[in-house]
S.K.: 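I'd like to ask some things about the structure below.
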Amino acid sequence: MTSVDSAPVTSASGSDIRVRFCPSPTGTPHVGLIRTALFNWAYAKHTGGKLIFRVEDTDAERDSEESYEMILDALRWLGLHWDEGVDAGGEHGPYRQSQRGEIYEEVIQKLKDAGYLYESFATAEEIEARNVANGRDPRQGYDNFERDLTEEEREALKAEGRQPSLRLRVPDADLSFDDLVRGEITFKAGSFPDFVVVRPNGKPLYTLVNPVDDALMGITHVLRGEDLLSSTPRQIALYHALIAVGVADFVPRFGHLPYVMGEGNKKLSKRDPESNLFHHRDRGFLPEGLLNYLALLGWSIAPDRDVFTMDEMVEKFDVEDVNPNPARFDVKKAEAINGEHMRQIDAEEFPNRLVPYLQAAELVSTPVTDEQLATIRAASPLVQERMQLLGEAPGLLGFLFTETEALDYAADALKTLKAGAGETLTASYEALEALEDWATEPIEAALRAKLIDELGLKPRLAFGPARVALSGQRISPPLFESMELLGKDATLARVARLRDRIENEGA
RNA sequence: GGCCCCAUCGUCUAGUGGCCUAGGACACUGGCCUUUCACGCCGGCAACACGGGUUCGAAUCCCGUUGGGGUCACCA
């Protein structure tokens, strides 16, 4: 057996760096998982190395094809491209573990032949009972008691009908490694017992396939969640065995990324909607905005700046700068960052981003008509700088795609109508009806002349009723521009409609 | 409980021994701008967990305490 300290650690430091993203397809993509993907991606791009995308689908119970599709959808939506792996090909495939059975069998055989693996018959219940019987904490785990079972003892157990799992014989020595985000970490001998790598049915476990694939795929830097930190010494022990039997050439470097936390002080739960990437997409986050925010969870680009593009991140990102503290997912800040990106989107492009959200609300058709698109384009400049999420578009622009007769008045909008609102609308109607040049400037001039100068109203009171009449909302795009967009007929009809309603129902 | 990780404003962070009476951002808040809401601008509130060292000097280094988290699966 190789000594613990003698195995070579990778020396990759530039374009020879190979990182990987290897999710298990269970459930919907979690923002913490995406943050891990982002850091791996950024590190590969920054160093000129390669990102390998592998799928760890060895748990038939929980994995699903649907979940696998969602992960692909997520990475593509975000623009996190990989160089090698599922759907991209490469010389180390296949990249789905469910298709690598034969490879594992071969490795298991080598490890067995070299004496690194031994048969273990104890069940979880028996291990716990054994701890109790020996006066130890039941949570202590396996005590390696089957390491030196004799041939006769093993045969006897098998004769009872028991099928053994296979455990790796872990070196009885302290084990240290230099974590890329946390520095030197040492685990004391005995704190990482022999662990199961192959089920009794012969199927390998994550504890085996993850390092084996990393080794076979030449992964040099393993950047993953902090939850895997305590399994690192065992993995390194496995690496030593893999090197000894010629499967691996070196031990990779490890970097353990901090948790993404939720409310309270708990890891953001998969059950929390905020953990669901698609929940944020549905609400109207931009890929660039969400990615920017996620990058801030454990990393910062500069002391006085937190809005940046992915190109800028790639230029600056180094995993050694990642902060080891767990970070709380703050949706308010995420929205603010997203708002910054909304304003940075090219004005020509912005309307296109709105379309899917207006379609989801069934305000425009799919595909969108030329006329609808023209309206969206015209309205875009009015809303671009007042939105934080694309999902606000239906609320803000819905009135442009609603027939006057179908327009609903929001309760909080009606509440803003004070006494005299009816008269104000009548005056507005008169001023507008006489107008020939239907454009923002003249509309504003006419209304100001009538309502402010002539009637002496305060602007808020003068224009509030018309805003409700047009949009049905308390909050809307700028009024005069909205009138121009809506056209004279519809504007007059809406002003009259609300006025009539006030007169008939007392508002 | 054993092992391991973490510890700066409410939140995300900058800070790698003197530039720190601790900087930025979000949130909150006062004001300006203003046809609503935003945007923008100006201002405010607010932190080095605690205790020992080391040092001329510590948020920064060391030790301890406390607190939080993770892990100890034939799940990944």
Side-chain angles (χ1 to χ4, degrees), chain A residues 22-26 56-59 61-63 97 120 122-124 127 136-142 163-167 179 181-182 185-188 190-193 195-201 203-207 209-210 225-233 256 258-259 261 264-267 293 296-307 323-337 339-340 342-343 383-388 392 396 413 416 444 447-448 451-452 458-464 466-468 471 473-482:
Chain A
C22 50
S24 180
T26 57
E56 310 224 329
D57 51 353
T58 53
D59 183 352
E61 291 289 301
R62 300 193 306 156
D63 296 330
Q97 291 184 329
S120 168
T123 63
I127 289 167
R136 294 185 298 239
D137 192 309
R139 286 166 295 190
Q140 191 169 332
Y142 188 64
Q163 288 295 311
S165 58
L166 260 29
R167 287 182 189 266
D179 192 276
V181 343
R182 289 152 213 274
I185 298 174
T186 300
F187 286 79
K188 288 191 290 196
S191 66
F192 44 103
F195 57 102
V196 174
V197 291
V198 181
R199 293 184 174 98
N201 66 8
K203 295 296 175 198
L205 288 159
Y206 162 84
T207 49
V209 300
N210 176 274
E226 184 185 345
D227 48 332
L228 271 341
L229 182 56
S230 56
S231 71
T232 305
H256 290 94
Y259 281 113
M261 313 288 280
N265 269 327
K266 291 276 182 282
K267 234 176 107 177
Y293 176 68
L296 256 16
L297 264 24
W299 185 73
S300 79
I301 195 165
D304 56 355
R305 191 159 77 102
D306 55 15
V307 177
N323 182 332
N325 310 350
R328 170 89 132 268
F329 187 92
D330 179 356
V331 74
K332 284 284 206 25
K333 177 146 185 176
E335 287 169 1
I337 297 284
E340 298 279 354
M342 294 277 271
R343 274 162 241 133
V383 296
Q384 182 168 3
E385 74 173 18
R386 17 174 67 82
M387 293 169 66
Q388 286 195 317
E392 292 163 17
L396 238 29
T416 66
E444 175 168 5
L447 286 174
R448 279 188 186 281
L451 304 174
I452 311 282
K458 294 273 185 234
R460 177 181 290 268
L461 252 34
F463 304 129
R467 182 180 308 286
V468 177
S471 66
Q473 305 289 316
R474 187 173 58 84
I475 297 165
S476 83
L479 184 63
F480 315 119
E481 286 85 345
S482 297

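These values consider heavy atoms only, across backbone and side chains, with no hydrogens, waters or symmetry-generated copies. Chain letters run A, B, ... following the sequence lines, proteins first, then strands; residues in each count from 1.
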S.K.: Could you tell me the separation between the NZ atom of A:K267 and the CE atom of A:M261, rounded to the nearest 0.5 Å?
M.R.: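 Taking NZ in A:K267 and CE in A:M261, the distance rounds to 9.5 Å.
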
S.K.: In this structure, how many angstroms lie between the P atom of B:G40 and the CD atom of A:Q384, rounded?
M.R.: 13 Å

S.K.: Using a 4.0 Å heavy-atom cut-off, does A:A413 contact any base of the nucleic acid, only the sugar-phosphate backbone, or nothing at all?
M.R.: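 Answer is nothing: A:A413 stays at 4.0 Å or more from every strand.
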
S.K.: What is the separation between atom CD on A:Q388 and atom P on B:C26, rounded to the nearest whole Å?
M.R.: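 That distance rounds to 10 Å.
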
S.K.: Please pick, from B:U35, B:G70, B:C75, the nucleotide with the shortest atom-to-atom distance to any side-chain atom of A:P459.
M.R.: B:U35

S.K.: I need the A:Q473 CD to A:T416 OG1 distance, nearest 0.5 Å.
M.R.: 11.0 Å

S.K.: What does B:C39 pair with, Watson-Crick or G-U, if both distances are under 3.5 Å?
M.R.: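 The answer is none; no pair meets the criterion.
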
S.K.: Record whether the side chain of A:K333 comes under 3.5 Å of the base of B:A25 through a donor-acceptor pair of N or O atoms.
M.R.: yes

S.K.: Mind listing the N/O atom pairs, protein and nucleotides 3-9 of chain B, below 3.5 Å?
M.R.:
unit_1, atom_1, unit_2, atom_2, d
B:C3, OP1, A:K188, NZ, 3.1
B:C5, O2', A:R182, NH1, 2.3
B:C6, O3', A:N325, OD1, 2.9
B:A7, OP1, A:N325, OD1, 3.0
B:U8, OP2, A:N325, ND2, 3.3

S.K.: Choosing from B:U35, B:G70, B:A76, which nucleotide comes nearest the side chain of A:R199?
M.R.: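 The closest nucleotide is B:A76.
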
S.K.: Rounded to the nearest 0.5 Å, what separates atom CG in A:L479 from atom CZ in A:F463?
M.R.: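 Going from CG on A:L479 over to CZ on A:F463, the span is 7.5 Å.
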
S.K.: Which is true for A:E392 with a 4.0 Å heavy-atom rule: it touches a base, it touches only sugar-phosphate, or it touches nothing?
M.R.: nothing

S.K.: Side-chain N or O of A:T58 less than 4.0 angstrom from OP1 or OP2 on B:A76?
M.R.: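 Affirmative; the distance criterion is met.
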
S.K.: Kindly say if A:R167 contacts the phosphate of B:C74, meaning a side-chain N or O under 4.0 Å from OP1 or OP2.
M.R.: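 Answer yes for this pair, as a side-chain N or O of A:R167 is under 4.0 Å from OP1 or OP2.
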
S.K.: Under 4.0 Å between any heavy atoms, over every strand shown, what does A:E56 touch: base, sugar-phosphate, or nothing? Just pick one.
M.R.: sugar-phosphate

S.K.: Look at A:R460 and B:U34 and indicate whether a side-chain polar atom (N or O) is within less than 4.0 Å of OP1 or OP2.
M.R.: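 No, A:R460 has no side-chain N/O under 4.0 Å of OP1/OP2 on B:U34.
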
S.K.: Taking CG from A:L479 and P from B:U35, how many angstroms apart are they, rounded to a whole number?
M.R.: 11 Å

S.K.: Looking only at the side chain of A:P200 (C-beta and beyond, no hydrogens), which of the listed nucleotides B:U35, B:G70, B:C74 gets closest?
M.R.: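 Comparing B:U35, B:G70, B:C74 against the side chain of A:P200, the answer is B:C74.
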
S.K.: Taking only the C1' atom of each, what is the distance from B:U13 to B:C50 in whole angstrom?
M.R.: 23 Å

S.K.: Determine the contact category for A:G190: base if any of its heavy atoms lies under 4.0 Å from a base atom, sugar-phosphate if only primed atoms, P, OP1 or OP2 are that close, otherwise nothing.
M.R.: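 The answer is nothing, as A:G190 stays clear of every strand by at least 4.0 Å.
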
S.K.: Can you measure A:D137 atom CG to B:U71 atom C1' for me and round it to whole angstrom units?
M.R.: 13 Å

S.K.: Does any donor atom in the side chain of A:S476 or A:R467 lie under 3.5 Å from an acceptor atom in the other side chain?
M.R.: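 On atom types as modelled, these side chains qualify, holding a pair under 3.5 Å.
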
S.K.: Reckon A:K266 has a side-chain N or O less than 4.0 Å from the OP1 or OP2 of B:G69?
M.R.: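 Answer yes for this pair, as a side-chain N or O of A:K266 is under 4.0 Å from OP1 or OP2.
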
S.K.: Does the structure show a Watson-Crick or G-U wobble partner for B:A7, both distances under 3.5 Å? Name it, or say none.
M.R.: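 Pair assignment: B:A7 / B:U66.
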
S.K.: Rounded to the nearest angstrom, tell me the gap between atom CZ in A:R467 and atom P in B:U34.
M.R.: 15 Å

S.K.: Looking for any heavy atom pair under 4.0 Å, which part of the strands does A:S300 touch: base, sugar-phosphate only, or nothing?
M.R.: sugar-phosphate

S.K.: For atom P, what is the distance between B:U60 and B:A22, given to the nearest Å?
M.R.: 16 Å

S.K.: Both distances below 3.5 Å, Watson-Crick or wobble geometry, any strand: find the nucleotide opposite B:U71.
M.R.: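 With both distances under 3.5 Å, B:U71 matches B:G2.
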
S.K.: Do the side chains of A:R328 and A:D330 get close enough for a salt bridge, i.e. N-O under 4.0 angstrom?
M.R.: no

S.K.: Which residue, A:P258 or A:I337, contacts RNA chain B at a nucleotide closer to its 5' end, judged by nearest heavy atom?
M.R.: A:P258

S.K.: Work out which heavy atom in A:A122 is nearest to a heavy atom in A:I127; give both atom names and the distance.
M.R.: CB-CG1, 3.9 Å

S.K.: With P as the reference atom in both, quote the distance from B:C42 to B:C26 in angstrom, rounded to an integer.
M.R.: 12 Å

S.K.: Please state the P separation for the pair B:C12 and B:G44 - nearest whole angstrom.
M.R.: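 Their P atoms lie roughly 24 Å apart.
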
S.K.: Distance check needed: B:G70 C1' versus A:R139 CZ, whole Å only.
M.R.: 14 Å

S.K.: Considering only the P atoms, how many Å lie between B:C61 and B:G69, rounded to the nearest integer?
M.R.: 25 Å

S.K.: Consider the side chain of A:L205, meaning its heavy atoms from C-beta on, and name the nucleotide among B:C75, B:A25, B:U35 that approaches it most closely.
M.R.: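 Shortest atom-to-atom distance from the side chain points to B:C75.
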
S.K.: How many angstroms lie between CG in A:D59 and CG in A:L205, if you round to the nearest 0.5 Å?
M.R.: 9.5 Å

S.K.: Between protein and nucleotides 45-48 of chain B, what N or O pairs are separated by less than 3.5 Å?
M.R.:
none

S.K.: If you check every side-chain atom of A:T123, which of B:C39, B:U11, B:C74 has the closest atom?
M.R.: B:C74

S.K.: Check for a donor-acceptor pair, side chain of A:Y259 on one end and backbone N or O of A:K266 on the other, with a separation under 3.5 Å.
M.R.: no

S.K.: Quantified in whole Å, what is the P atom distance between nucleotide B:C63 and nucleotide B:U11?
M.R.: 27 Å

S.K.: Starting from C1' on B:A76, measure out to NE2 on A:H256 and report it in whole angstrom.
M.R.: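 It works out to 14 Å between those atoms.
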
S.K.: Report yes if the side chains of A:P258 and A:N325 come closer than 4.5 Å at any heavy-atom pair, otherwise no.
M.R.: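 The answer is no, as the side chains (C-beta and beyond) never meet within the 4.5 Å cut-off.
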
S.K.: Could you give the distance separating B:C41 and B:C33 at their C1' atoms, to the nearest angstrom?
M.R.: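 It works out to 8 Å between them.
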
S.K.: Between atom OG1 of A:T58 and atom CZ of A:R199, what is the distance when rounded to the nearest 0.5 Å?
M.R.: 6.5 Å

S.K.: When the distance from CZ of A:F195 to C1' of B:C74 is rounded to whole Å, what number comes out?
M.R.: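 Whole-Å distance recorded here is 13 Å.
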
S.K.: Could you pull out the closest heavy-atom pair between A:N201 and A:K203, with the gap in Å?
M.R.: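 A:N201 and A:K203 have their closest heavy atoms at OD1-N, 2.8 Å.
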
S.K.: With rounding to whole Å, what would you report as the distance between B:G18 and B:U34 at their C1' atoms?
M.R.: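 Between the two C1' atoms, the distance is 48 Å.
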
S.K.: Considering every strand and a 4.0 Å limit on heavy-atom distances, what is the contact class for A:F480: base, sugar-phosphate, or nothing?
M.R.: base

S.K.: Look at the side-chain N and O atoms of A:R136 and state whether any lies under 4.0 Å from the OP1 or OP2 oxygen of B:G1.
M.R.: no

S.K.: Determine whether A:E226 and A:R182 make a side-chain contact, defined as any pair of heavy atoms from C-beta on separated by less than 4.5 Å.
M.R.: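 They are in side-chain contact.
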
S.K.: Return the nearest nucleotide to the side chain of A:R386; candidates are B:G24, B:A76, B:U36.
M.R.: B:U36

S.K.: Please work out if A:A336 contacts a base, only the sugar-phosphate, or nothing of the nucleic acid, heavy-atom cut-off 4.0 Å.
M.R.: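 Touches sugar-phosphate only.
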
S.K.: Return the CZ to CD distance between A:R343 and A:E385, rounded to the nearest 0.5 Å.
M.R.: 7.5 Å

